[in-house]
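One structure is given below, encoded as structure tokens.
Just so it is clear, the values below take in all heavy atoms, side chains as well, and ignore hydrogens, waters and symmetry mates. Note that the numbering runs from 1 along the sequence shown for the chain.
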Amino acid sequence: MGRPRMLTAAGIDPIAEEPHPPRFAAAGDPAALACAISAEASAVLAVMRRSLRHPRAAADDAAADHQLVSSLKSLRRLVFSPSTSTSTSLPSATLRPFLDAVRSEEANAAVTSASLAALHEVMALTGRALPGPALREVVDAVAGCRFEAGAEPQAEEAVLMRMLQALLACLRAPAAPALGDQHVCTAVNTCFRVVHQAAAKGELLQRFSRHAMHELVRLVFARLPLIGGAADDADDGTVKPEMSGMDKNHPFGIGQMENGNGSYASEAGIPDENSADESGLSVEPYGIPCMVEIFHFLCSLLNVAEQIGFDEDLPLFALKLINSAIELGGSAIAKHPKLLSLVQDELFRNLMQFGLSISPLILSMVCSIVLNLYHHLRSELKMQLEAFFCCIILRLSQPRFGATYHQQEVAMEALVDFCRLKNFMVEMYANLDCDITCRNVFEELANLLSKSAFPINCPLSSMHILALEGLIAVIQGMADRIGNATSRPELRPVELDEYAPFWTVKCENFLDPQHWVKFVRQRKYVKRRLMIGADHFNRDPKKGLEFLQGNHLLPEKLDPQSVACFFRFTAGLDKNLVGDFLGNHDEFCVQVLHEFAQTFDFEEMNLDTALRLFLETFRLPGESQKIQRVLEAFSDRYYEQAPQAFANKDTALLLSYSIIMLNTDQHNMQVKKKMTEEDFIKNNRNINGGNDLPREMLSELYHAICRNEIKTTPEQGMGYSEMSPSRWIDLMRKSKSTPPYIVSDSQPVLDHDMFAIMSGPTIAAIAVVFDHSEHEEVLLTCVDGFLGIAKISAFHHLEDVLDDLVVSLCKFTTLLNTSLVEEPVTAFGDDLKARLATETLFTIANRYGDYIRTGWRNVLDCILRLHKLGLLPARVASDAADDSEASMETVQGKPTPSSISTSHIPVMGTPRKSSGLMGRFSQLLSLDSEEPRSQPTEQQLAAHQRTLQTIQKCRIDSIFTESKFLQPDSLLQLARALIWAAGRPQKVASSPDDEDTAVFCLELLIAITLNNRDRIVLLWQGVYEHIANIVQSTVMPCALVEKAIFGLLRICQRLLPYKENLADELLRSLQLVLKLDARVADAYCENITQEVARLVKANAGHIKSQMGWRTVVLLLSITARHPDASGVGFEAIMFIMSEGHLSKSNYPFCIEASRQFAESRVGLTERSIRALDLMADSVSNLALWSQETQGPGEEADKGFEIIREMWLKLLQALKKLSLDQREEVRNHALVSLQRCLTATEGICLQSSTWSHAFDLVIFALLDDLLEIGQNHSQKDYRNMEGSLVLAMKLVAKVYLQLLPDLFGLSSFCKLWLGVLSRMEKYIKIKVRGKRSDKLQEVIPELLRSILVAMKSRGILAKRSTIGGDSLWELTWLHVNNISMGLQSEVFPSQEYEQPNNVSSPRGVNNVEAQN
């Protein structure tokens, strides 16, 4: 027919997503609306007048008008009628003429197209006013669209596109829900027919028809979330929709092609006689029934077998539609059992079939659908998801199963998408890995990702990167859950204390993590033990069962049920051994066999399917008797659950035998003559209780066995086999009894166990990719993975994993590479990978150092390498204990040392060249070095700048300055690593590099010790032993021993104020200084003394113990004869003794030290005099302590005894000094001794003490002085005469002052005679060859005073007692030898009588007896 070609496409927007917006301006203005509708009618009339065949010979034009023309003219009159302008039925009335034209068989394609265009325009004009009945009429009309045959292809395509536009407008209309289920199905049916017809037409129609079908499905299922649950279960009398126009057995789902007159009608397109607007029946809004029907239809489109020449277009299209339906329906599908059942069974079964498609497009779409299903419905698809991952993803992702590269890539992409879902892996672990009846899906997926990331004997490919992304996504998910954790989960080790049937244990509450976490962890423990038991069983069945009994997984006395369940639910068993066990004739084995059969559910299952499931679990034995027993057990169970199928259980047994024989016949290559169907039927006659089985059933069994072999030798282990129909049936049965799906929250309750499984392979995989890649983006991705692993390891306290990670990173820093590199700093700056690894390593050390253990050694190796290269920041070895001491300056390329090693101690070792970071950089820029060097290039400068920036980002100094926050175990390992890195000191001089390393490590060790003063007990033993090794093995001054000595002193200085309980240990450590080799000690003596003096002045109040004072004072006293150190040492002793720090604990040591300084001739004599004064002044302390000790009791007695001993030691020290060769010292010592002997008022001295004082001190001193005066020359002892005089005065004064106390002594007489005898010796001594005039003068006077005092006290008097008076006689015997006239002067003859009140002195008789 002649019509413009333009007409076919005029006004068509085939890809439009939305209809034209309603013309609300026209809708609000009746006149405007009438004009618009009239215009549309006029347009259609114009086409009709040109195209319709009607009588031309009639005279009356009105009589010649066609019925369609008349209805359009009537419409024009109707819309302008005032009575109908406000009628509610106007929208329906305006559509009817156009709908009639669409239905008309007399209209050609042009008229139909114009009518559809006008219909679409009027629907747009009327907008929201269109009611449900009007929409139903439109759907019916479009579904029954008819026009003349013979239309041009372009015109026909235009009609089809207009039909699709009309259907879309109906479903998009506000009143679309009123269409009802039947009409929605009709619309979808019609649209799909157009899709089919478009396959033979232009591409534009093909695209638009598919778009329209897609849009219809989206519109229908977008309503699903708005519908209440279980709506599909209601039976309210509504018309059940059927996709009756579609023959689903046809390859394209089409049952009716275009008819002879160009009609596209189908049975569903016939107007519904029972529609609401005609019959009055109510039409419910469309809902679940139509959705179930549509979804079922879409699933049925997948029921095609993939074969050679297979067209992937239709299933791919169906999969896209299904995906859209799931996307829009979402979780609402779970509320409707029929829809959910379709998803669980029919859809997933087809997905499992197409999941192994060789088409990447189909496989990709299948994976997308499963991803959406997981997101929305995973709680209802536990077993289906397991099957998908085991039979599709894990199978296709590995080339060993014959998958193409494209299949592998699509499967891996899908897996990575799943891994990007934060809780995917943890839910797989909780639901599948921790279920003893399921595969370890999480573990297998993690291993797959790790293995797939390994570039084995090949360059890095996109597949490796893809697998890496999956691994990183899993790690990142765990790290994110850590961020959500309120606290670290306390996971106790799982143990089984007693036997419980593992297959019956249930969880109390799958919604409460407090219940299900403990449950799944126990299940995983049981599963792991079962797998270990399976391994033992495969080697030795008896030992395997014993192992399970020992782990409380089987009872101590085996029972058939427990062993049967072990065989049934344990993966990895050797199926040959299981088959042999079950086929054994032993009574127990027979019982196990029957219990094993009881674990199967064969209800409503075909015999061949049941037999397949049964025989998949073990290998059918080869012996006929064993086969007999196995099949008997199977037949008993099958007949028990399906008694209606056979007359008796013998029938099931015979038929099972027959099936096994048929299977062997059909699939054994050695059988040449195959059994026919008739043979099989004939063989099974009269076995059903004497009757024949139904021929149809036997025929079906025959063909099922021929098509699909029963594997009597099933695959060993846990392979990835395809999903067979029998397995799918078993899966659906299993899904009904499996525990509920656990939906994980964002808490890391299972991440510890998961990460422990995957950490090793994951670290290795990321490390390999990092090693092989040179792309910055990939390297940064690996870094994210490393940091995530570190975060997870630290949170879950997996120290071993963190150590392994540190080891891997250290390798990539290249710092441990000892190969000779001409410019290692430049090479490091040019190596992005090395810089990233270094930055990552130290980031981990700073953030997660609490959980590094042995990895500290590797970290320190890198730090030492940076130190040797001069790349360390200035503050690495700073202790940072006091911010005021911190300095950012660099001295000799090292951190600014403390006051010990800079202000007061000259560096003895050879200074190193500038090795700090800035020093290294300045060396590069230096042009005036000793050897001429070429100016650095821009590339070198840039590399050095990058190195500098990297080291600054590493914050290496924070590892040590922030060590006070490390956990104890980590801190201890860090200290041990430093000691290990320093190496064991050698007596033989080590190389400069080794010594520098040892010094640097010691600096760091001292720094962390000072930073951790509150935990010094943890570190002290190791630090002390290391310093002791250095001190004891060093024989010459060097930087290492210097650092050790002064580091030890500094530790004591800084820690004594805070660690009183450790003060003794700290001070005892200073005894190491006393063990220094003489050459070393001499080199550092002055500085050591200075530091000890500082320690004393700063911490004297904190030194409490005798041992501590002994060490400190001993260190000071040994400097007495050192020319440089003695001054500082004596000042420290003065500080102790004169500033109130003298105590009972340090008194003996201070006295001894003072004596040594007094004896020392280093320095001026004045120092010795001051030392003597210190000793003499200390008597006041003894008096004070005596007063403080007042009181009865044993403790007081001990205190007094100690004080008396200290007093005697003081006297003895002064006595020694009284023999000094220097006159000033000697005489001052005598005076000081006299002070100490006479100033004893407050000291509680006993008579025995005085006796010892005279015997050990005074008399010994007199004797020694006498010996010196007689036997030594005046050159050695100048002016001894004066000293002898002082000694005589000392003894006389002391004797006179203490006479009342001495008289009470039992040895008084002996003491008195000792004084007289020494006076007698002194008066006779010859000085320079003659007797001393001074002594001749002084001694008689002193003796006269003594005699007068003794007389006045009645001590010396002549007694008239019988036997005479020995004291009197002995006294005058000696006195007369000294001075003859003293007796008459002191005792005239009339005064010889003793007063009555004076008793005879004690000890006289004894003295007389001795004489």
Side-chain angles (χ1 to χ4, degrees), residues 221 224-225 229 295 319 322-337 339-352 355 365-394 411 414-435 437-446 470 473-474 477-478 480-481 507 509-513 516-517 519-520 523 723 728 731-732 734-747 749-751 754:
F221 281 89
L224 181 58
F295 199 84
L319 289 170
I322 291 171
N323 192 40
S324 295
I326 293 171
E327 286 177 344
L328 292 166
S331 57
I333 295 175
K335 301 176 182 178
H336 308 285
L339 269 178
L340 180 60
S341 178
L342 284 173
V343 171
Q344 290 174 325
D345 192 354
E346 186 172 358
L347 173 60
F348 238 106
R349 185 177 69 249
N350 289 320
L351 292 178
M352 296 299 295
M365 186 52 61
V366 168
C367 294
S368 298
I369 292 174
V370 177
L371 182 65
N372 281 320
L373 287 174
Y374 170 82
H375 178 70
H376 295 297
L377 301 172
R378 60 184 181 275
S379 59
E380 310 294 337
L381 301 172
K382 176 179 176 180
M383 304 312 301
Q384 289 85 344
L385 289 171
E386 180 196 16
F388 174 76
F389 286 109
C390 291
C391 300
I392 306 298
I393 298 299
L394 288 168
L415 176 56
V416 172
D417 287 339
F418 276 101
C419 293
R420 291 192 176 109
L421 301 175
K422 299 299 182 183
N423 292 331
F424 166 72
M425 279 297 200
V426 69
E427 290 183 0
M428 291 296 101
Y429 180 79
N431 289 285
L432 302 179
D433 289 54
C434 296
D435 190 331
T437 64
C438 298
R439 296 281 290 271
N440 291 330
V441 172
F442 158 75
E443 190 170 347
E444 293 178 29
L445 291 178
V474 176
M478 291 185 180
D480 291 344
R481 283 193 290 276
C507 179
N509 185 358
F510 279 99
L511 299 178
D512 186 0
W516 67 256
V517 170
F519 172 75
V520 299
R523 292 282 83 191
M723 179 58 67
W728 183 258
L731 182 146
M732 294 305 299
K734 189 177 175 182
S735 65
K736 296 176 182 178
S737 59
T738 189
Y741 188 94
I742 298 172
V743 179
S744 174
D745 56 13
S746 57
Q747 296 297 313
V749 289
L750 295 176
D751 287 354
M754 295 168 57

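Looking only at side-chain heavy atoms (C-beta outward), Gln384 and Leu731 come within less than 4.5 Å of each other. Between Val743 and Leu511 there is no side-chain heavy-atom pair separated by less than 4.5 Å. Using a 4.5 Å heavy-atom threshold, the side chains of Leu342 and Ile333 count as separate. For the pair Leu432 and Lys382, the minimum side-chain heavy-atom distance is below 4.5 Å. Here the side chains of Phe388 and Leu351 are not in contact, with every heavy-atom distance at 4.5 Å or above. Between Ile393 and Phe418, every side-chain heavy-atom pair lies at or beyond the 4.5 Å cut-off. The shortest side-chain heavy-atom distance between Met732 and Asp345 falls under the 4.5 Å cut-off. Side-chain contact between Leu224 and Leu339 is present, with at least one heavy-atom pair separated by less than 4.5 Å.
Between the CG atom of Leu371 and the CD atom of Glu327 there is a distance of 9.5 Å, given to the nearest 0.5 Å. Distance check: Ser368 OG to Asp417 CG gives 7.5 Å after rounding to the nearest 0.5 Å. The distance from atom CG of Asp480 to atom CG of Asn423, rounded to the nearest 0.5 Å, is 10.0 Å. The distance from the CG atom of Leu373 to the CZ atom of Phe348 is 5.5 Å, given to the nearest 0.5 Å. A distance of 5.0 Å separates CG of Leu445 from CG of Leu394, quoted to the nearest 0.5 Å. In this structure, CZ on Phe519 lies 12.0 Å from CG on Asn509, to the nearest 0.5 angstrom.
Asp433 places a side-chain N or O within donor-acceptor distance of the main-chain N or O of Val441, the cut-off being under 3.5 Å. In this structure, Glu386 contributes its side chain and Cys438 its backbone to no donor-acceptor pair below 3.5 Å.
Separation of the Phe424 and Tyr429 ring centroids does not fall under the 6.0 Å cut-off.
Between Arg439 and Glu444, at least one side-chain N (NZ, or NE/NH1/NH2) sits under 4.0 Å from a carboxylate O, which counts as a salt bridge. Look at Arg481 and Asp751 and you find a salt bridge, because one of the NZ, NE, NH1 or NH2 atoms lies within 4.0 Å of a carboxylate O, short of that distance.
Ala387 approaches Met352 most closely through the heavy-atom pair O-CE, 3.3 Å. Nearest heavy atom pair, residue Ala332 against residue Pro225, reads CB-CA, 3.7 Å. Shown here for Ala446 and Met425, the closest heavy-atom pair between the two residues is N-CE, 4.2 Å. The two residues Ser735 and Met383 come nearest to each other via the heavy atoms CA-CG, 3.5 Å. In terms of heavy-atom proximity, Gly470 sits nearest to Cys419 at O-CB, 3.8 Å. Considering all non-hydrogen atoms of both residues, Ala430 and Val520 come closest at O-CG1, 3.8 Å.
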What's the verdict on side-chain contact (heavy atoms from CB on, under 4.5 Å) for Leu385 and Tyr374, showing C-alpha distance, side-chain angles and the deciding distance?
CA-CA 8 Å; Leu385 289 171; Tyr374 170 82; 3.7 Å; yes

Go through Lys422 and Ser746 one step at a time and tell me if the side-chain contact (heavy atoms from CB on, under 4.5 Å) criterion holds.
CA-CA 8 Å; Lys422 299 299 182 183; Ser746 57; over 6 Å; no

Step by step, would you call Arg523 with Asp435 a side-chain contact (heavy atoms from CB on, under 4.5 Å)?
CA-CA 6 Å; Arg523 292 282 83 191; Asp435 190 331; over 6 Å; no

Between Val343 and Phe295, is a side-chain contact (heavy atoms from CB on, under 4.5 Å) present by the stated rule, with each step listed?
CA-CA 9 Å; Val343 171; Phe295 199 84; 3.8 Å; yes

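Under the 3.5 Å distance criterion, with hydrogens and angles disregarded, a donor-acceptor pair is assigned to the side chains of Glu427 and Tyr741.
Annotation: side-chain contact (heavy atoms from CB on, under 4.5 Å) contacts of Pro513 (sequence neighbours excluded): Trp516, Val517, Asp745.
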